[in-house]
Peer 1: 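Got a structure here, written out as structure tokens. Questions coming.
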Amino acid sequence: MAKKLLIVESPAKATTINRYLGEDFEVLASYGHIRDLPSKDGAVDPDNDFAMRYELSEGSKKHVDKIVKAARKAEAVYLATDLDREGEAISWHIYEILREKGLTDKVPYYRVEFSEITPRAIKAAIDNPRKLSMDLVNAQQARRALDHLVGFNLSPLLWKKIKTGLSAGRVQSPALRMIVEREREIEAFNPREYWSIEADLEKEGNPFSAKLVRLDGDTFRQFDIDNEKRAHEVRQALLGNANGKLVANRVKRKERKRRPAPPFITSTLQQDASRKLRFSAQNTMRTAQALYEGVAIDGVNQGLITYMRTDSVALSNDALADLRKQIGSQFGDRYVPKKPNFYKTKSKNAQEAHEAIRPTSAALTPDKVRRYLDDRQFRLYELIWRRAMASQMAPALLDTVAVEFDCGDDATFRANGSVITFPGFLAAYEVSVPEGKQEQESQLPDINEGDRVQLQDIRAGQHFTEPPPRYSEASLVKAMEEYGIGRPSTYASIISTLLRRHYAELDRRRFVPTDTGRVVERFLENHFSHYVDYEFTAKLEDELDAVSRGEAEWIPLLREFWDPFIKKVKEKEETVSRDEAKNVRVLGKDPKSGKDVTVRLGRYGPHAQIGHRDDEDKPKFAGLRPGQKIDTITFEDALELFRLPRKLGSTPEGEAVSVNVGRYGPYVRYGDK
DNA sequence: CAGTGAGCGAGCTTCCGCTTGACTT
């Protein structure tokens, strides 16, 4: 009996949908893209209208074979890949392969789309099929071709001018740039001194503190006191004015609402898992994948979360009802808002092919599934479950109070406090404090206008402004998402590319650019600024959108990019010397030989050099020590490197003994050992 | 481990975005 064939991208999704559709359907997975450009030059031919030579992807053959076989006997074929640009292209590739085999004439082909996996949504999709959108497919092809052309023309230029094996690309290069630019900011940063003044107060045995907010009749600003002497004077004057007591002159009370955050998408999940669980982006994705694919619960395999690679904060109506029901029964009706909370997707270039990340069933509380999960899975599931629950709960209510204490006529202290009167969503989910900010609102004793409080002391605290922090995996993903660089499925792999190329290293979970990374970044920024610009992807996305709406053609779009791009590549190949590309720094003249002392990036890493390779004598070399950087090493430190190798003496047999520093640290050698 | 860095120059490297692989014994 002939069946209808329905094709999706993910096998876990195929299993679920198969259950919903029953006997009439066979549901197969493509396992993502099935054809791609090979990793070779010439896969895109700019001289022939950017003709693209696709090849079956490694490992796709068995999946394609299965699809072909099923298509031969199917009575209809439904292409149900994701509803975004990439998904449309996958459907088209499947169609093309089946067309080449002569399988598209006999039975109808339908393109169907749904953004939530529920029986209702899938049935509705099947009842309302559409045609393949070649405009959307062509937008994808333009994206694909451009990425290939950028990567496979810039990378070889780097091999020629800097070092073999390096890489550049539309996405990895701006990401590298963020890391390098941040490091430069940190190096250029001059800390500024400032002082804070705080009063330690007490009311009926309850201590609290208040900050100085007004001094000399004016708002007290961060840098108003910038030295110890002045801080001391101010403190003495205030102590004198107060005389051991302060009076609460003004008390302002306010009720504040605090709203929950939207449910997770890929980027926010990676950020929160990094902050709260200290998971790497890769670890988070691997663990989420396991939760998505499901675990055996009482003998039945069950997916625990929805799809984890998504850029949409939207929840299906079924999910909203499910969460609200669970919130009501677990926390009580007060915690269920009158209407569901709605969130807007704010990330640039979002394609919203999937729902937000949420538990497939809110009733599966973390406690209930704990014994089926390993520790990492449990902690990630709990995070996802709590965040999704919280996103549909009522706001938290806080009573805030601000009390001002005048100290003499010209100065004022202020104490802030807040009390949670109704926890709302906080009952399910703790909000983490963003980087660099400190939460300092605490509880205050009950204070009313006119109350006198004891002054214990006034403290002057010295502070220095701090440079911006280096990027963590979490903050880098956040920044990439803000610029629209990279996609949910690639954030984690971009990070591993930067590490694999040794463009950056992780030091205490923060990215530090290497010399290689800095040299590559500088080369690209100096000579290809347009293509590594943060705005490049954003502009490209606008143009691709126009293509997908049928308002622009993809080939002219590529032509407009390609002609100036390849011209620039050719030009730079001629005009930029290797020395310039490698960022050779001349530090000074060697006092002994009078030759130039330089630092540069060599084949085996950064090194210092006396003399030039065109000199009659071979130049002398010395590798930089760990921690020394091409951009920052001083002349003196570089000369110091040449004090080794040093002869210590000779062995009784007359062999020379010397000491040197090699790749693996200092060592002593004698003779040829 | 190996303690280099020129020169000769073959053959190699490289993009982004979708999705999970698992042979035998």
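So that the names make sense, note that chain A is the first sequence line, chain B the second, and so on, each numbered from 1.
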Peer 1: Measure from CG on A:Leu540 to C1' on B:dC15 and round the result to the nearest Å.
Peer 2: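 It works out to 14 Å between those atoms.
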Peer 1: Base, sugar-phosphate, or nothing for A:Ala29, non-hydrogen atoms under 4.0 angstrom?
Peer 2: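 A:Ala29: no heavy atom of the nucleic acid under 4.0 Å.
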Peer 1: Any side-chain N or O of A:Lys163 under 4.0 Å from OP1/OP2 of B:dC12?
Peer 2: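 Result: no.
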Peer 1: Say you pick atom P in B:dG21 and the same atom in B:dT25; how far apart are they, in whole Å?
Peer 2: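 B:dG21 and B:dT25 have their P atoms separated by 22 Å.
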Peer 1: Write down the distance between CG (A:Leu149) and C1' (B:dC16), rounded to a whole number of angstrom.
Peer 2: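 Value for this atom pair: 12 Å.
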Peer 1: Out of B:dT13, B:dC15, B:dC18, which has the shortest distance to the side chain of A:Ser489?
Peer 2: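 Between B:dT13, B:dC15, B:dC18, the one nearest the side chain of A:Ser489 would be B:dC18.
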Peer 1: Parallel, tilted or perpendicular: which describes the rings of A:His93 and A:His33, with under 30° parallel and over 60° perpendicular?
Peer 2: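 Rings of A:His93 and A:His33: perpendicular, over 60°.
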Peer 1: Rounded to the nearest angstrom, tell me the gap between atom CG in A:Asp84 and atom C1' in B:dC16.
Peer 2: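 The distance from CG of A:Asp84 to C1' of B:dC16 comes to 14 Å, rounded to the nearest Å.
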Peer 1: Is the distance between the ring centroids of A:Phe25 and A:Tyr78 under 6.0 Å?
Peer 2: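 Close enough - the centres of the two rings lie under 6.0 Å apart.
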Peer 1: Among the candidates B:dC18, B:dC15, B:dC16, find the nucleotide nearest to the side-chain atoms of A:Val171.
Peer 2: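 Among B:dC18, B:dC15, B:dC16, the one nearest the side chain of A:Val171 is B:dC16.
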Peer 1: Rounded to the nearest Å, what distance is computed from the CG atom of residue A:Asp311 to the C1' atom of nucleotide B:dG17?
Peer 2: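 Those two atoms, CG and C1', are 13 Å apart.
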Peer 1: Remember a base hit wins even if backbone is also touched, and classify A:Gln289 as base, sugar-phosphate or nothing at under 4.0 Å, heavy atoms.
Peer 2: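 Sugar-phosphate: the residue A:Gln289, judged by heavy atoms under 4.0 Å, touches backbone atoms but no base.
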Peer 1: Given B:dT20, B:dT14, B:dC18, which nucleotide is nearest the side-chain atoms of A:His33?
Peer 2: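 Between B:dT20, B:dT14, B:dC18, the one nearest the side chain of A:His33 would be B:dC18.
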Peer 1: Quick one: does A:Asp374's side chain have a donor or acceptor within less than 3.5 Å of a partner on A:Arg376's backbone?
Peer 2: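 Here the side-chain-to-backbone pair exists.
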Peer 1: Taking A:Glu573 first and then A:Lys160, would you say they form a salt bridge - that is, a charged N and a carboxylate O separated by under 4.0 Å?
Peer 2: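 Looking at A:Glu573 and A:Lys160, the cut-off is met.
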Peer 1: Would A:Trp159 count as stacked on B:dT13 if the rule is ring centres under 5.5 Å and plane angle under 30°?
Peer 2: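 Ring-base stacking flag set for A:Trp159 and B:dT13.
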Peer 1: Taking atom P of B:dC15 as reference, at what distance in whole Å does atom CZ of A:Phe50 sit?
Peer 2: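 Result: 21 Å.
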Peer 1: So, does A:Asn138 use its side chain to make a donor-acceptor pair with the main chain of A:Met134 at under 3.5 Å?
Peer 2: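 Yes: the side chain of A:Asn138 pairs with the backbone of A:Met134.
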Peer 1: For the residue pair A:Phe565 and A:Trp562, categorise the inter-ring angle as parallel (less than 30°), tilted (30 to 60°) or perpendicular (more than 60°).
Peer 2: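 The arrangement is tilted - the two ring planes meet at 30° to 60°.
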Peer 1: Return the nearest nucleotide to the side chain of A:Tyr307; candidates are B:dG17, B:dC15, B:dT19.
Peer 2: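 Of the options given, the side chain of A:Tyr307 lies nearest B:dT19.
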Peer 1: Indicate, with a heavy-atom threshold strictly under 4.0 Å, whether A:Arg309 touches base, sugar-phosphate, or nothing.
Peer 2: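 The residue A:Arg309 makes base contact.
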Peer 1: On DNA chain B, does the nearest nucleotide to A:Glu293 precede the nearest nucleotide to A:Pro156 from the 5' side, or the other way round? Give the residue.
Peer 2: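 Final value for this comparison: A:Pro156.
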Peer 1: Could you say whether A:Phe152 or A:His354 is positioned toward the 5' end of DNA chain B, judged by the nucleotide with the nearest heavy atom to each?
Peer 2: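 First, find each residue's nearest nucleotide; the 5'-ward one identifies A:Phe152.
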Peer 1: Send over the distance from A:Phe523 CZ to B:dT14 P, rounded to a whole Å.
Peer 2: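 The answer, rounded to whole Å, is 18 Å.
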Peer 1: Taking any heavy-atom pair under 4.0 Å as a contact, classify A:Asp36: base, sugar-phosphate, or nothing.
Peer 2: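 A:Asp36: base contact, heavy atoms under 4.0 Å.
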Peer 1: Need one value for A:Ser10: base, sugar-phosphate or nothing, where a base atom within 4.0 Å counts as base even if backbone is also close, heavy atoms only.
Peer 2: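 Touches sugar-phosphate only.
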Peer 1: Distance criterion of 3.5 Å, no angle test: do you see the side chain of A:Arg144 paired donor-to-acceptor with the base of B:dC15?
Peer 2: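 Present.
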Peer 1: Just how far, in rounded Å, is P of B:dT19 from CD of A:Gln140?
Peer 2: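 About 13 Å, once rounded to whole Å.
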Peer 1: Taking any heavy-atom pair under 4.0 Å as a contact, classify A:Gly169: base, sugar-phosphate, or nothing.
Peer 2: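 Here A:Gly169 touches the backbone only, sparing every base.
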Peer 1: Using a 4.0 Å heavy-atom cut-off, does A:Gly87 contact any base of the nucleic acid, only the sugar-phosphate backbone, or nothing at all?
Peer 2: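 It contacts nothing in the nucleic acid.
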Peer 1: Heavy atoms under 4.0 Å, any strand shown: does A:Leu146 hit a base, just sugar-phosphate, or nothing?
Peer 2: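 It contacts nothing in the nucleic acid.
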Peer 1: Between A:Tyr531 and A:Phe536 (judged by ring centroids, cut-off 6.0 Å), do the two rings come close enough to count as a pair?
Peer 2: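 When the ring centroids of A:Tyr531 and A:Phe536 are compared, they turn out to be within the sub-6.0 Å range.
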Peer 1: So does A:Thr164 get a side-chain nitrogen or oxygen closer than 4.0 Å to the phosphate oxygens (OP1/OP2) of B:dT13?
Peer 2: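 For B:dT13, neither OP1 nor OP2 has a side-chain N or O of A:Thr164 closer than 4.0 Å.
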Peer 1: Could you tell me how far apart A:Leu154 (CG) and B:dC15 (C1') are, to the nearest whole angstrom?
Peer 2: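 Distance, rounded to whole Å: 10 Å.
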Peer 1: For A:Ser167, which contact category applies under a 4.0 Å heavy-atom criterion: base, sugar-phosphate, or nothing?
Peer 2: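 Sugar-phosphate, no base atom in range.
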Peer 1: Checking all strands, does A:Arg286 fall into the base, sugar-phosphate, or nothing category for heavy-atom contacts under 4.0 angstrom?
Peer 2: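 No contact.
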Peer 1: Would one find a side-chain N or O of A:Arg501 under 4.0 angstrom from OP1 or OP2 of B:dC15?
Peer 2: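 Yes, A:Arg501 has a side-chain N/O under 4.0 Å of OP1/OP2 on B:dC15.
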